[in-house]
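Just below is one structure, and these are the notes that go with it.
Letters A, B, ... are given to chains in the order of the sequence lines, protein chains preceding strands, and every chain is numbered from 1.
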Amino acid sequence: MTETSEAVIAAEARERYNPRDIEPKWQQRWQEQGIYRVDLNSERPRFYFLTMYPYPSGNLHVGHWYAEAPADAAARYRRMRGYNVLFPMGFDAFGLPAENAAISAAREGREVHPASLTYERIAYMEKQFRQMGAMFDWSTKVVTCDPEYYRWNQWFFVKMFERGLAYRKESYVNWDPVDQTVLANEQVIDGRGDRSGALVERRLMPQWHLKITDYADELLDFSGLDWPERVKLMQTNWIGRSEGAEVAFRSEQGDPMTVFTTRPDTLWGATFMVLAPEHPLVSKLVTSERRQAVESYIERSEHTSEIDRQSEGREKTGEFIGAYAVNPVNDHRIPIWIADYVLMTYGTGAIMAVPAHDQRDFEFARKFGLEVAPVIVPEGQDRGGATMSEAYSGDGVMIRSGRFDGTRTGKGANAADDENGIARVIAWLEEQGLGSRKVTYRLRDWLISRQRYWGTPIPMVYCDACGVVPEREENLPVELPHDVAFMPTGESPLKHHKPFLDTSCPECGGAARRETDTMDTFMDSSWYWFRYLSPHLKGAPFDEELAKRWTPVNLYTGGIEHAILHLLYARFFTKVVRDFGLVDSDEPFLRLRNQGMILGEDNEKMSKSRGNVVDPDDLVESYGADAVRAYLMFIGPWDQGGPWNPKGIEGVTRFLNRVWNVVLEPAEERDEGADDRGDLRRAVHLAIKEVTEDFEAFSFNTAVAELMTLQNAMTRLKSRSLCQSAEWTEAVSTILLLLAPITPHLSEELWERSGHGESVHLRSWPVHDETALTSATVQMAVQVNGKVRAQVTVAVDATKDQILDVAKADRKVARYLAEGELVREIVVPGRLVNLVLK
RNA sequence: GCCGGGAUGGCGGAAUCGGUAGACGCAGUAGACUCAAAAUCUACCGCUGCAAGGCGUGCGGGUUCGAGUCCCGCUCCCGGCACCA
């Protein structure tokens, strides 16, 4: 209220809070004054706050608001704490939806180009982001479909090719018949394409891969990262490290057939072998009598979709190929089978089957009448039971294992011990030259080829003379041709674009063909945060100096759906870029926080078909951006999400109105209570303390609740004389400062109207005064035998004896005390007294 | 099956170095203002009971002066992985 006369305030108070007037006004002023412009070279402490950039779908939905608005508030908080905060935004602009729109238009005989569609959508969404009141610095915007950006995808790709990290290999891949492209393993959910939902087919195709498996072990190391436990676990599971041994089996004819096993201690129990149906040795080893049955099984398994192959409780199938192998540890002659429960893509594509100690092998042996030979028995038992009903995979003692008989073994508590059978057998195998220690991963290399148009062209050239050759750096970017025809069939138009297809060889200059596949769009998002630092740099993907100063990102926020895909690729890419010598850090994102999902009123996922979609534009129109922001933060813990409650935003709007009124309306005539100033100051400093802790902990819902509590206190205590006090002035400026990150427009407007100077958003975050939090007296509960029976008020510095005296003097307590003998007295100062009777 | 997370009023949720369960908000009830309604304001608002009291944080046990919080054994829900040798 400094310098503002009461008359002016009284006149203005007749104006009601109207976000429709004040929000656009401030958005424009902030932009004109450039208050969110970041100086990357400032010496203030740096804080890189990154939030996942969106795909330009054309319209912000509530999910976008839920991801961005609380993140924006957290970034604003961080800046008020004195940090130089970089909070950039961009668009993940390549991808199938825009191309699919072009294809459907083509089917109707219309022409729509993904590029123009994408840029229109970006322009619209950018406008919507501004209406949110977000403090994004748009001068650093990154748009991945811009050749200025994707040329660096190509540059990275060529660098990786040169170092053997990018390679082309023919293998069975996941083909999505609807989207007409292959997909990475990470994009296949329950046998279906993650976008189209179509059942994925297995196809043998030559494809480009990135060697993420080279980094498997390093990717398992999360030390120094403050990430949600579940994300780390999901990545760990996905990488799926298994320790064991490779053991050299041979066919009777002498063909080497290496197997991987995590239980080399069960080798003596291997009674047959199983090869994957695609295993290259099958056609060589199969006997003529078995050939027909075996070939028809292979044929069938090729046509079995992944989803059927993996379905739960499926009965084992397989065929004997007529050939035998030799178990190298006991020279037993064991039959060789093929079965689709053995995968060509894991381990060596061949297993030694130990039915006594592996449930899958056990089921297979049962079905086909194969020998079950127990070689490990639980400690205390001397031989394997002849009537096993299931495989025994626990710890125990080795039997029928030659020199190892009597050795304790298993994957249990002593598995790491050198005396454990597993370790001893591996050491012995290495001595004998029969095998070696081996680590295997579930993780496969990242398949990045996509048979689509709207993505980064893979910058490779096929020359009859020179083979597969990367495009020269000076010729990058290999630009996507604009004048292409979108096929109603969905086939990539690049395959039919002569001027693109025909090129000259970068090596010999002769006629050559371009690769027509484009890159997975996750390539784009694997390094985009580096580009924000120097979005228009010409000579390099990013400014090395700035990257060394500004990365790793301090705080990254986004949806949990990227727990594996994007976040794993981004970590891989960072390690690759580090190995190129471009950055020092091993990890991209130090701290990660995931927001949950906003559901419809009916607690279901929002969808047009359910009719439960809430449109943020409508909400802004009715309640204002500040109310939407505050309500989304208030709805519940951010990482949990929750259902949208249309009444909830009305409650928050009431709160904002009360803040408006308590600041601007003249006080009613009312006598000031003796302790009002102390009470107000206590409420103010408690709010500072709590809201600060809540922002640090990402507990936005309780931060809003604390601010409501402060407003309630101000409204309750407000009186004409109190309004003249320093305590009141402090209360007004404090509530506006604490609200500034959450409701930037309202806070700015009231900041100005209550006579403050420069923007509230350029002010420092308040610091609480611990001494303001204490009061002269405190209320304590008095329990008798653990049940609360009375409340007493005592001096805050009372001794235990004094507290007990007061407690026992209470009439109700005295009545209980009369009923028994007091045997114990417990006093927790400031909290409670517990009187225990016998 | 394995791994993780969760279960608190009519609803969203708060409180976990063990210390007054239900902050804050929604919904609801009563009242004030109004011709009336809306808005706003005031009071009440876990269940049960006239009251005193009793009961109460998914279920069953346990530890403790005291348990939503710790321990043991379950149930259900959500998420991830899954014929990975």
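Across the strands present, B:A15 finds no partner; the criterion is a Watson-Crick or G-U wobble pair with both atom distances under 3.5 angstrom. Figure legend. B:U29 is base-paired to B:A43; pairs are counted as Watson-Crick or G-U wobble with both atom distances under 3.5 Å. B:A67 is unpaired under the criterion used here, namely a Watson-Crick or G-U wobble arrangement in which both key atom distances are under 3.5 Å. Under the Watson-Crick or G-U wobble criterion, with both distances below 3.5 Å, B:G73 is paired with B:C59. Under the Watson-Crick or G-U wobble criterion, with both distances below 3.5 Å, B:G1 is paired with B:C81.
In this structure, A:R444 reaches the bases: a heavy-atom distance under 4.0 Å links it to at least one base atom across the strands shown. Residue A:K787 is classed as a sugar-phosphate contact, given heavy-atom separations below 4.0 Å to backbone atoms only. Residue A:Q783 is classed as a base contact, given a heavy-atom separation below 4.0 Å to a base. Nucleic acid contact class of A:Q779 (heavy atoms, under 4.0 Å, all strands): base. Within 4.0 Å (heavy atoms only), A:Q791 reaches at least one base atom of the nucleic acid. Within the 4.0 angstrom heavy-atom criterion, only backbone atoms of the sugar-phosphate kind lie near A:Y816; the bases stay farther away. Counting non-hydrogen atoms under 4.0 angstrom, A:N701 reaches the backbone sugars and phosphates but no base. Among the atoms of the strands shown, base atoms are found under 4.0 Å from some heavy atom of A:I826. Nucleic acid contact for A:R241: none, since no nucleic acid atom lies under 4.0 Å from a heavy atom of the residue.
Cation-pi geometry between A:R571 and A:W238 is not met: the NZ or CZ atom fails to fall both under 6.0 Å from the ring centre and inside 45° of the normal.
In the interface, the side chain of A:K647 is not paired with the base of B:C11 through any donor and acceptor atom under 3.5 Å apart. For A:N237 and B:C81, a side-chain-to-base donor-acceptor distance below 3.5 Å is absent, hydrogens and geometry of angles not being considered.
OP1 or OP2 of B:G79 has not a single side-chain nitrogen or oxygen of A:R230 nearer than 4.0 Å. Between A:N712 and B:G25 there is a side-chain N or O to OP1 or OP2 distance below 4.0 Å. Phosphate contact (OP1/OP2 of B:G19, side-chain N/O of A:R831, threshold under 4.0 Å): absent.
Remark: aromatic rings of A:F364 and A:F362 are distant, center separation not under 6.0 Å.
A:E696 and A:T692 form no side-chain donor-acceptor contact under 3.5 Å, judged by distance and modelled atom types alone.
Taking the P atom of each, B:G68 and B:A7 are spaced 14 Å apart, rounded to whole Å. Spacing between B:G66 and B:C76 at atom C1', rounded to whole Å, works out to 30 Å. B:G58 sits 8 Å from B:G9 when the P atoms are compared, rounded to a whole Å. Separation of the P atoms belonging to B:C70 and B:U20 is 16 Å when rounded to the nearest angstrom.
Of the charged side-chain nitrogens involved, none lies within less than 4.0 Å of a carboxylate oxygen, so that A:E363 and A:R360 do not count as a salt-bridged pair. The pair A:D217-A:R241 meets the salt-bridge criterion, since a charged nitrogen lies less than 4.0 angstrom from a carboxylate oxygen. Classification of A:E243 and A:R437 as a salt-bridged pair holds, one side-chain N sitting under 4.0 Å from a carboxylate O.
When the P atom of B:C81 is taken as reference, atom NZ of A:K232 falls 19 Å away, rounded to whole Å.
The side chain of A:L832 has B:G19 as its nearest neighbour among B:A85, B:G19, B:G25. Listed candidates were B:C24, B:G19, B:G80. Nearest to the side chain of A:V828 is B:G19. When each of B:A85, B:G13, B:U20 is scored by its nearest atom to the side-chain atoms of A:Y346, the top-ranked nucleotide is B:A85. Closest to the side chain of A:I564, from the set B:C83, B:G54, B:G80, is B:G80.
In this structure, A:K647 places its NZ atom where only 12 or fewer heavy-atom neighbours from other residues, nucleotides or ligands lie under 6.0 Å away.
Of the residues near RNA chain B, A:G347 and A:V836, the one whose nearest nucleotide (by heavy atom distance) lies more toward the 5' end is A:V836.
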